[in-house]
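Step one of this worksheet: look at the structure below.
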2 protein chains.
Amino acid sequence: MQSTQDSIKNSARVTIADVAREAGVSKGLVSFALNDRPGVAAETRTRILKVAGALGWTPSLRARSLSSKRSFALGLVIARDPEVLGSDPFFTSFIAGVETVLAPEGLALVLSVVPDEETELQTYRTLVTDGRVDGVFLSDLRIDDARIQCLADLGLPTVTLGRPDQPSPFPAVSIDDTHGIAESVRHLAGLGHRRIAHVAGSPAMLHGSRRQDAFTSAMRAAGLGDGQVVETDFSIAAGADAARRLLSQPQPPTAIVFASDPMAIAGIGVAQELGVRVPEDVSITGFDDIEFARYIYPALTTVGATPLVWGRAAAITLLGLIRTGSADDVDLPAARLVIRGSASVPPPTEH
Amino acid sequence: MQSTQDSIKNSARVTIADVAREAGVSKGLVSFALNDRPGVAAETRTRILKVAGALGWTPSLRARSLSSKRSFALGLVIARDPEVLGSDPFFTSFIAGVETVLAPEGLALVLSVVPDEETELQTYRTLVTDGRVDGVFLSDLRIDDARIQCLADLGLPTVTLGRPDQPSPFPAVSIDDTHGIAESVRHLAGLGHRRIAHVAGSPAMLHGSRRQDAFTSAMRAAGLGDGQVVETDFSIAAGADAARRLLSQPQPPTAIVFASDPMAIAGIGVAQELGVRVPEDVSITGFDDIEFARYIYPALTTVGATPLVWGRAAAITLLGLIRTGSADDVDLPAARLVIRGSASVPPPTEH
DNA sequence: CTTGATGCCTAAACCGGTTCAGGCATCCGC
DNA sequence: GCGGATGCCTGAACCGGTTTAGGCATCAAG
C-alpha cells in the first residue's frame with residue numbers, strides 16, 4: 001500500500017499537507033513556518049523547512065491566490081494605436097525596468113494593449129473583477145484623465161507615471177521633462193537661433209502639453225517671443241506633416257524642437273526630402289534619446305529619458321503601495337540634453 | 001437578521017453559493033448550468049442564469065484556476081537586451097495582434113523581458129511551477145534551440161514563431177521571409193546592380209541564418225556569385241558597423257540588403273555620414289517595414305512583415321492547441337517587397 | 001410488473017493554500 | 001499554590017469554484 005502510494009505521489013504535486021504529514025505537524029503550522037510568522041518554535045521551523053526542501057515542495061500560486069485574495073501580478077494597460085506604439089521604444093524599456101523588480105519577487109506582469117480609452121477603462125474593470133492583478137501602472141496621463149477616478153473607484157492600487165493635473169489618491173513617479181525642453185531652447189538660442197518652432201505632442205496628453213508649456217516659457221525667458229507651435233498627436237505621420245508645414249513657410253524657423261524622437265527623426269527626413277539641410281539650414285532637436293537617435297544622420301540632439309530607470313522606480317513604488325498601503329511620490333533626475341549633430345548655428349544668410 | 005445579512009452581502013462577493021441558494025438548487029448544478037454542460041433541465045438552466053445575472057454574479061478567476069488547474073493566461077518571454085528591444089517594433093505589434101484574440105476570451109497575457117537565455121529557461125520553469133500560464137509563444141527561434149526541449153520537458157503547450165530547425169512537438173506559425181529577400185535581390189539585380197552585399201542578422205538566430213541563405217541563393221540564381229555577407233547580431237550598432245565596413249572598402253558594393261529595418265536605417269545614416277549618397281551611390285533595402293521606414297529620407301525600400309497578423313494567428317493556434325490538444329502549422333502569406341526610394345539604379349561611373 | 005437506461009439533481013469531496021479559535025504546557029508574579 | 005500571560009501547536013473553517021458518486025423519478029423495453 002505504501003509503495004503504491006509512493007509511486008502515485010511521484011506524479012502528483014507535493015502539497016503543504018504532504019510536508020505536514022512528513023514533518024509530523026499540522027497543515028496550519030507548516031503554513032506559518034513557511035511564511036516566517038511568529039508562533040513556531042525555531043527548531044520546529046527548521047525541521048519543516050528541511051522537510052519541505054527534501055520533498056521539493058513548491059507553493060501553489062493558485063491556491064495562495066484564492067485564499068489570500070492576491071494575484072501576485074501587476075498590470076500595465078497601454079492604449080495606443082499599435083502602429084504608433086511600435087515606433088515608440090518607451091514601453092519595452094519601461095517594461096524591462098519593471099521586470100528587474102518583479103522577477104526576483106516572483107511577481108508577473110500582465111500586459112494589455114487596447115485600441116482606445118473606453119476599452120482601457122473596461123480592461124481595468126475586468127482586471128479587478130477577475131482579480132488578475134494587485135496593482136497597475138497608469139501611463140500616458142491625459143488632461144483631466146478619467147482613468148484616475150475609475151481606478152480610484154475600483155480601489156485598485158495604482159502608480160501614475162507622472163503627476164496628474166488633478167487631485168489623485170495615487171503616488172506619482174515622475175521625471176521632469178520641462179527642464180530638458182528648456183535646455184534645448186537655451187542651447188539653440190545660445191547657438192544664435194531666434195526663430196525656433198516647436199512640434200508639440202498631443203495637447204490632450206499631459207507630457208505633451210507640459211513640454212509645450214515648457215517650450216513657450218523658455219522662449220519667453222530667452223526673449224524670443226512665444227515661438228511657433230504646431231500641435232500633433234505624437235504620431236510619426238503627424239510629426240512629418242508638422243515639419244513639412246513649418247519648413248514650407250515663406251520664412252521657416254531655423255530650428256525646430258520636437259516633442260519626441262520619432263517625430264524629430266521624421267522631421268529630419270522631411271527636411272532632407274525638401275532639400276533643407278540639417279543642421280546647416282535648420283537645426284532639429286528631439287526628446288527621448290531612443291536608440292535610433294544616435295544612428296541616423298545627422299545624429300539627433302535630444303533630451304535623454306530613462307524609461308528603464310523609470311520602470312524600476314515605478315515598480316518599487318507600486319510594490320510599496322501594495323504592501324504597506326501607502327507610498328511617497330518619487331521624482332527621478334531631470335532628463336538632460338544630449339548634444340549631437342542635428343543642431344548647429346543658424347544659417348548666416350538670414351536677413 | 002436578514003436585512004443585516006443583506007447589507008453585509010453588499011460588500012461581499014457574490015458567489016456561486018449565493019446563486020444556488022437564491023435559485024433553490026445546489027452549488028454543483030449552478031456550476032453545470034454556468035458552463036453549458038449537459039444534465040441541467042432547460043428551464044432550470046435559464047432560471048439559474050437569470051438569478052446569476054440578477055445577483056451580478058461574476059466567476060472568481062482565482063477559484064476557477066485552483067479547481068480547474070488552468071490559469072486563463074498565455075505567456076510571452078522575450079530574451080533581448082532592452083536597448084535592442086526598444087528599437088524593434090516587432091513585439092509591440094505582435095502583442096497587439098495577440099490581444100485582439102485574448103481580450104474577447106477573457107484571457108490575459110503575461111509578459112517577461114529577461115536579459116539572457118539562461119534566465120529565459122528559468123522563467124519558463126517558474127511560469128510552469130507557478131501555473132502562471134496555460135501556454136506560451138516561443139519567438140526568436142535559434143539554431144539548435146535549447147528552449148524547445150525545455151518546453152517539451154515542462155509539458156507546456158507552445159506555439160513557435162517560425163519552424164524550428166529541429167524536430168519539434170509544437171505547432172509552428174510561420175511567415176516566409178526568404179521570398180522577400182529573394183525579391184529584394186531580384187529587384188536590385190533588375191536595376192542593374194551586380195555588387196550586392198548583405199548585412200545579415202545573427203547566424204545563431206533562425207531568421208538571421210535563413211535570410212542569409214536566401215540572399216546567397218538569390219545571388220547565385222541571378223548569376224552574381226555569392227555576394228559579400230557581413231554577419232551581425234541584429235543590433236543597430238552592429239548594423240552601422242557593418243555598413244561602415246562595407247562602404248569603406250576600395251570597391252564598395254552598389255547595393256546592400258539589410259536583414260532588418262533598424263540596421264538598414266542605421267546603414268543609411270552611416271552612408272550619409274560618409275558622404276555616400278543613397279540611392280545614387282548605394283542602394284539600400286531593409287526588412288520589416290517598420291513605421292520609420294516610410295518617414296526617413298530616402299524612404300526605405302523594404303520587405304513588409306505583418307507582426308500584427310502574426311500575433312493573431314499565433315494566438316488562435318495556441319488557443320486551439322490548449323483546448324483540443326493539437327493544432328496544425330500555419331503558414332502566413334509571404335512577406336512582400338515594398339518599393340520606396342532607397343534603392344535605385346547603380347551609379348553609372350562604374351568601370 | 002420488473003429491469004435497466006436515462007435525465008435531473010444533491011451532497012460532498014476536492015483543489016492547496018491561509019487563518020482563526022482554542023487547547024495544552026510552561027513560566028511568571030503574587 | 002493559583003491566576004494569568006505566553007508560546008507552541010492542532011483542528012477546522014474558509015476562499016469559490018469543479019467534479020464525482022450516487023439518489024430519485026421517469027420512461028422504454030422485455
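Any value given below was found using the heavy atoms of this structure, including those in side chains, with hydrogens, waters and symmetry copies removed. Lettering of chains follows the sequences in order, A, B, ..., and the numbering in each one begins at 1.
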Side chain of L29(B) only, heavy atoms from C-beta on: which candidate in dT10(C), dC9(D), dG16(C) is closest?
dT10(C)

Euclidean distance, L318(A) CG relative to L138(A) CG, rounded to 0.5 Å
11.0 Å

What is the separation between atom CG on N35(A) and atom C1' on dT19(C), rounded to the nearest whole Å?
11 Å

side-chain contact (heavy atoms from CB on, under 4.5 Å), that's the test. Do R142(A) and R147(A) meet it? Break it down for me.
CA-CA 9 Å; R142(A) 297 188 273 265; R147(A) 299 172 298 171; 3.3 Å; yes

Taking CG from D18(A) and P from dC15(C), how many angstroms apart are they, rounded to a whole number?
10 Å

Euclidean distance, atom CG of residue D130(B) to atom C1' of dG16(C) [Å, nearest integer]:
14 Å

Among all residues two or more places apart in sequence or in another chain, which pass the salt bridge (charged side-chain N to carboxylate O under 4.0 Å, His left out) test with R47(B)?
none

Regarding S31(B), tell me which of base, sugar-phosphate or nothing describes its non-hydrogen contacts under 4.0 Å with the strands shown.
base

Could you check whether any side-chain N or O of E117(A) sits under 3.5 Å from a backbone N or O of A79(A), counting only pairs where one atom can act as donor and the other as acceptor?
no

Determine whether T306(B) and L308(B) make a side-chain contact, defined as any pair of heavy atoms from C-beta on separated by less than 4.5 Å.
no

Please state how far atom CZ in F72(A) lies from atom P in dG17(C), giving the value in whole angstrom units.
12 Å

At a cut-off of 3.5 Å, list every protein nitrogen or oxygen paired with a nitrogen or oxygen from nucleotides 20-23 of chain C, distance to 0.1 Å.
none

Positions of residues 40-58 of chain B (non-hydrogen atom under 4.0 Å from DNA chain D), listed by number:
W57(B), T58(B)

Under the ring-ring contact (aromatic ring centres under 6.0 Å, His included) rule, collect the residues that match up with Y124(B), sequence neighbours excluded.
none

Let me know the distance between CG of L34(B) and P of dT19(D), rounded to the nearest Å.
13 Å

Angle of first-five versus last-five pair axes in the helix from dC1(C)-dG30(D) to dC30(C)-dG1(D), to 10 degrees:
50°

Give V25(B) one of three labels, base, sugar-phosphate or nothing, depending on what nucleic acid heavy atoms sit under 4.0 Å from its own.
sugar-phosphate

Out of dC15(C), dG17(D), dT18(C), which has the shortest distance to the side chain of L66(B)?
dC15(C)

Kindly write out the residues that satisfy side-chain contact (heavy atoms from CB on, under 4.5 Å) with L107(B), not counting sequence neighbours, or none if the list is empty.
F72(B), L102(B), E105(B), L319(B)

Return the value, rounded to whole Å, for the distance between atom NZ of K27(A) and atom P of dT10(D).
13 Å

D36(B) CG - dT19(D) C1' separation (whole Å)
17 Å

Under the rule for salt bridge (charged side-chain N to carboxylate O under 4.0 Å, His left out), what residues qualify as partners of D153(B), not counting sequence neighbours?
none

Under the salt bridge (charged side-chain N to carboxylate O under 4.0 Å, His left out) test, which residues partner R64(B), sequence neighbours left out?
none

Within the pair S26(A) and dT10(D), is there a side-chain N or O less than 4.0 Å away from OP1 or OP2?
yes

For D144(B), give me all partners under salt bridge (charged side-chain N to carboxylate O under 4.0 Å, His left out), at least two apart in sequence or on another chain.
none

Those residues that, when tested against F94(A), pass ring-ring contact (aromatic ring centres under 6.0 Å, His included) (two or more places apart):
F90(A), F137(A)

Measure from the side-chain N and O atoms of W310(B) to the backbone N and O of V173(B), and report whether any donor-acceptor pair falls under 3.5 Å.
yes

So G24(A), base contact, sugar-phosphate only, or nothing? Heavy-atom distance under 4.0 Å.
sugar-phosphate

Atom pairs, N/O to N/O, protein against nucleotides 22-25 of chain D, distance under 3.5 Å?
none

Against the side chain of S60(A), the closest entry in dT18(D), dT18(C), dG17(C) is dG17(C)

Run the numbers on R45(B) and D36(B) for side-chain contact (heavy atoms from CB on, under 4.5 Å), then give the verdict.
CA-CA 9 Å; R45(B) 180 189 306 274; D36(B) 284 326; 3.9 Å; yes

Nearest-neighbour nucleotide for the A63(A) side chain, dG17(D), dG17(C), dT18(C) considered:
dG17(C)

Working to the nearest 0.5 angstrom, can you tell me the gap between I48(A) CD1 and L29(A) CG?
4.5 Å

Could you check which of dG16(D), dT10(C), dT18(C) has an atom nearest any side-chain atom of K69(A)?
dG16(D)

Nearest whole angstrom, please: distance from the P of dC9(C) to the CZ of R21(B).
19 Å

Hey, could you give me each pair passing salt bridge (charged side-chain N to carboxylate O under 4.0 Å, His left out) that has a residue in residues 164-173 of chain B? Not counting sequence neighbours.
none

